[in-house]
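Since the structure comes first, as structure tokens, the remarks are kept for the end.
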There are 2 protein chains.
Amino acid sequence: MADGTTRSTDRTEEIYEEERIARLIRLAARSFNRSLQMRLTSEGVTFGQWIFLRILWRSDGLSQRELSERAHLTEPTAHTALQRMEELGFITRRKVGNNKRRQHAFLTEKGWALRDRLEPLAVEVNDLALDGLDESEETVLRRALSVIIRNLERDEKDAAARGLRVPATRSLPNI
Amino acid sequence: MADGTTRSTDRTEEIYEEERIARLIRLAARSFNRSLQMRLTSEGVTFGQWIFLRILWRSDGLSQRELSERAHLTEPTAHTALQRMEELGFITRRKVGNNKRRQHAFLTEKGWALRDRLEPLAVEVNDLALDGLDESEETVLRRALSVIIRNLERDEKDAAARGLRVPATRSLPNI
DNA sequence: CACTAAAAAGTAGATGTCTAAGTTTTTCGG
DNA sequence: CCGAAAAACTTAGACATCTACTTTTTAGTG
């Protein structure tokens with residue numbers, strides 16, 4: 001690097017300071033996912049299945065569309081995930097009343113039973129994560145995250161109005 | 001739901017309180033990614049490419065292994081990403097000195113030039129996100145996130161010692 | 001009451017990530 | 001200094017997600 005093509009990295013360092021919150025949030029999300037996934041896997045449940053189970057434990061019998069919206073996933077993704085969950089015996093899918101379009105998902109006994117085993121895992125991960133933070137810090141953290149989410153969701157909406165769109169996003173890198 | 005199979009959701013509500021921080025962090029990470037991705041896409045760069053560019057702007061000439069470690073991605077992922085970046089003319093890859101194993105990545109003029117266009121986008125997203133938070137809240141947020149990351153990384157290490165492993169994790173759901 | 005538009009589900013194909021296995025080069029103990 | 005182990009990269013294959021499109025059903029309106 002001591003040749004003619006040397007570049008200053010000073011400015012980049014500054015930018016890194018600016019970008020630090022986004023990076024910390026991504027790392028924290030990644031850690032949460034990894035710690036929870038380890039535990040879910042040992043119970044034979046994938047992270048995606050956990051997402052839908054969690055919604056169904058609150059609101060059994062939702063339609064596929066409602067489930068995909070609440071999970072922030074697309075309908076094809078929900079479709080294949082729920083299909084798999086039916087194969088595994090966690091749910092049954094059926095149409096309700098005389099509406100022949102909507103496909104509703106209902107927890108089976110097996111699906112309900114998972115709740116007692118899985119929810120403590122999520123509680124455990126949260127408790128672990130928050131160890132060393134006092135109540136006031138936790139309160140600020142919650143508020144700050146809510147503000148950030150609100151700000152950025154407005155940004156996405158504004159950008160959409162200007163014609164910008166979020167790309168395929170296949171998957172979120174583990175950053 | 002007014003039949004014999006009615007289930008109480010009271011307990012689930014409690015658990016949701018417990019789980020709230022993880023959920024907020026995932027949503028915040030998702031929003032950050034989406035807002036940045038929108039902007040990167042309009043400049044013809046993917047999120048994955050941004051990750052590697054950001055590292056290279058700091059430390060040009062790293063090996064593929066070093067890059068994959070810093071990006072928290074596997075070597076095959078780094079391999080294909082860097083291959084594509086070479087095709088696009090952002091970098092060149094070559095071996096250095098008399099080590100015939102390591103493949104190093106070097107930014108081209110084009111790769112360096114992207115910095116001026118892309119870094120302001122990240123700064124913009126961060127400023128937008130933090131709008132409405134004062135300095136003390138930002139400080140607490142940083143500290144809290146660092147504590148959470150440290151706690152959970154220790155958890156993962158401890159769990160590994162007990163034989164638990166993080167599963168394939170193909171991709172992080174947009175939760 | 002028929003016809004079009006909207007809603008919901010499903011299918012097909014692309015992509016980025018991962019694990020597992022293979023190849024080449026380097027390191028190092030006997 | 002030779003052969004096994006480790007290091008670094010590469011290839012192959014699996015999978016969850018996405019977009020775009022198709023199909024079926026419902027709703028709305030002249």
Side-chain angles (χ1 to χ4, degrees), chain A residues 26 29-30 33-34 37-38 40-41 45-52 61-88 91 93-105 160 165-175, chain B residues 26 30 33-34 37-38 40-41 45-52 61-88 91 93-105 165-175:
Chain A
R26 283 194 205 103
R30 176 177 180 272
N33 282 333
R34 292 175 69 88
Q37 280 192 15
M38 282 193 309
L40 292 175
T41 300
V45 174
T46 69
F47 191 86
Q49 288 161 9
W50 157 259
I51 295 297
F52 287 110
L62 287 180
S63 72
Q64 176 182 297
R65 162 168 290 263
E66 289 167 324
L67 283 165
S68 68
E69 274 168 11
R70 297 207 191 187
H72 291 287
L73 295 170
T74 61
E75 285 175 73
T77 303
H79 178 73
T80 50
L82 293 170
Q83 200 169 38
R84 179 69 182 137
M85 288 170 73
E86 186 168 42
E87 284 169 20
L88 291 170
I91 61 167
R93 294 181 298 163
R94 63 169 187 274
K95 307 200 193 294
V96 168
N98 37 18
N99 190 321
K100 293 184 189 120
R101 282 186 299 189
R102 291 203 187 83
Q103 188 77 279
H104 296 258
R165 278 229 334 240
V166 180
T169 286
R170 271 88 203 186
S171 59
L172 298 182
N174 291 343
I175 299 307
Chain B
R26 283 193 205 104
R30 176 177 180 272
N33 282 334
R34 292 175 69 87
Q37 280 193 12
M38 282 194 308
L40 292 176
T41 300
V45 174
T46 69
F47 191 87
Q49 289 161 10
W50 157 260
I51 296 297
F52 287 109
L62 287 180
S63 73
Q64 177 180 298
R65 163 168 288 264
E66 288 166 324
L67 283 165
S68 68
E69 274 168 9
R70 297 205 192 189
H72 291 287
L73 294 170
T74 61
E75 285 176 73
T77 303
H79 177 72
T80 50
L82 294 170
Q83 200 169 38
R84 179 69 182 138
M85 287 170 73
E86 187 168 43
E87 285 169 21
L88 292 169
I91 61 167
R93 294 181 299 164
R94 64 170 186 273
K95 306 198 193 295
V96 169
N98 38 17
N99 191 321
K100 294 188 189 115
R101 281 186 302 189
R102 290 203 187 83
Q103 189 74 280
H104 295 259
R165 276 229 333 242
V166 180
T169 285
R170 271 90 201 185
S171 59
L172 298 181
N174 291 344
I175 299 305

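Numbers restart at 1 for each chain; the letters A, B, ... are given by sequence-line order, proteins then strands.
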- Note on the structure: In whole angstroms, the gap separating P of D:dC18 from NE2 of A:His72 amounts to 12 Å

- Message: If the condition is side-chain hydrogen bond (donor to acceptor under 3.5 Å, both in side chains), which residues does B:Thr77 pass it with, not counting sequence neighbours?
- Response: B:Thr74

- Can you tell if the side chain of A:Arg34 reaches within under 4.5 Å of the side chain of A:Arg30, non-hydrogen atoms only? yes

- Task: Calculate the interatomic distance between B:Gln37 atom CD and C:dT15 atom P; express it in whole Å.
- Result: 15 Å

- Of all the nucleotides listed (C:dA8, D:dT17, D:dT11), which has the minimum atom distance to the side chain of A:Glu75? C:dA8

- Query: What is the distance, rounded to the nearest whole Å, between atom CG of A:Leu67 and atom C1' of C:dA9?
  - Reply: 13 Å

- Query: Roughly, in whole Å, what's the span from CG in B:Leu62 to P in D:dA8?
  - Reply: 13 Å

- Query: Between atom CG of A:Leu82 and atom NE2 of A:His104, what is the distance when rounded to the nearest 0.5 Å?
  - Reply: 12.5 Å

- Message: Applying salt bridge (Lys or Arg N to Asp or Glu O under 4.0 Å) as the test, list every pair that has at least one member in residues 96-105 of chain A; sequence neighbours left out.
- Response: none

- Residue A:Gln64, side-chain atoms from C-beta onward, closest of C:dC18, C:dA9, D:dT10: C:dA9

- Item | Non-neighbouring partners of B:Arg84 that pass salt bridge (charged side-chain N to carboxylate O under 4.0 Å, His left out), sequence neighbours left out | B:Glu87

- Query: Of all the choices, D:dT19, C:dC18, C:dA9, which nucleotide is nearest to the side chain of A:Arg65 once you look at every atom?
  - Reply: C:dA9

- Of all the nucleotides listed (D:dT17, D:dC9, D:dA20), which has the minimum atom distance to the side chain of A:Leu73? D:dT17

- Query: C:dG22 P sits how many Å from B:His79 NE2, rounded?
  - Reply: 17 Å

- Message: Can you measure B:Gln49 atom CD to C:dG16 atom C1' for me and round it to whole angstrom units?
- Response: 12 Å

- Query: To the nearest angstrom, how far is A:His104 atom NE2 from C:dA7 atom C1'?
  - Reply: 13 Å

- Using whole Å, report how far CD of A:Glu86 lies from C1' of C:dG10. 14 Å

Would you tabulate the pairs of protein nitrogen or oxygen atoms and nucleotide nitrogen or oxygen atoms of nucleotides 24-26 of chain D closer than 3.5 angstrom?
unit_1: D:dT25; atom_1: O2; unit_2: A:Arg101; atom_2: NH1; d: 3.4
unit_1: D:dT26; atom_1: OP1; unit_2: A:Asn98; atom_2: O; d: 3.0
unit_1: D:dT26; atom_1: OP1; unit_2: A:Lys100; atom_2: N; d: 2.6

- Query: Are A:Thr77 and D:dC18 close enough that a side-chain N or O sits under 4.0 Å from OP1 or OP2?
  - Reply: yes

- Query: When we call it a touch if two heavy atoms are under 4.0 Å apart, what does A:Ser63 touch: a base, just sugar-phosphate, or nothing?
  - Reply: sugar-phosphate

- Contacts of B:Glu86 meeting salt bridge (charged side-chain N to carboxylate O under 4.0 Å, His left out) (sequence neighbours excluded), chain-then-number -> B:Arg93

- Item | Proximal nucleotide (of C:dT17, D:dT10, C:dA8) relative to the B:Gln103 side chain | D:dT10

- Message: So, using side chain to side chain contact (heavy atoms under 4.5 Å, CB included) as the criterion, who are the partners of A:Glu69 when residues are at least two apart?
- Response: A:Arg65

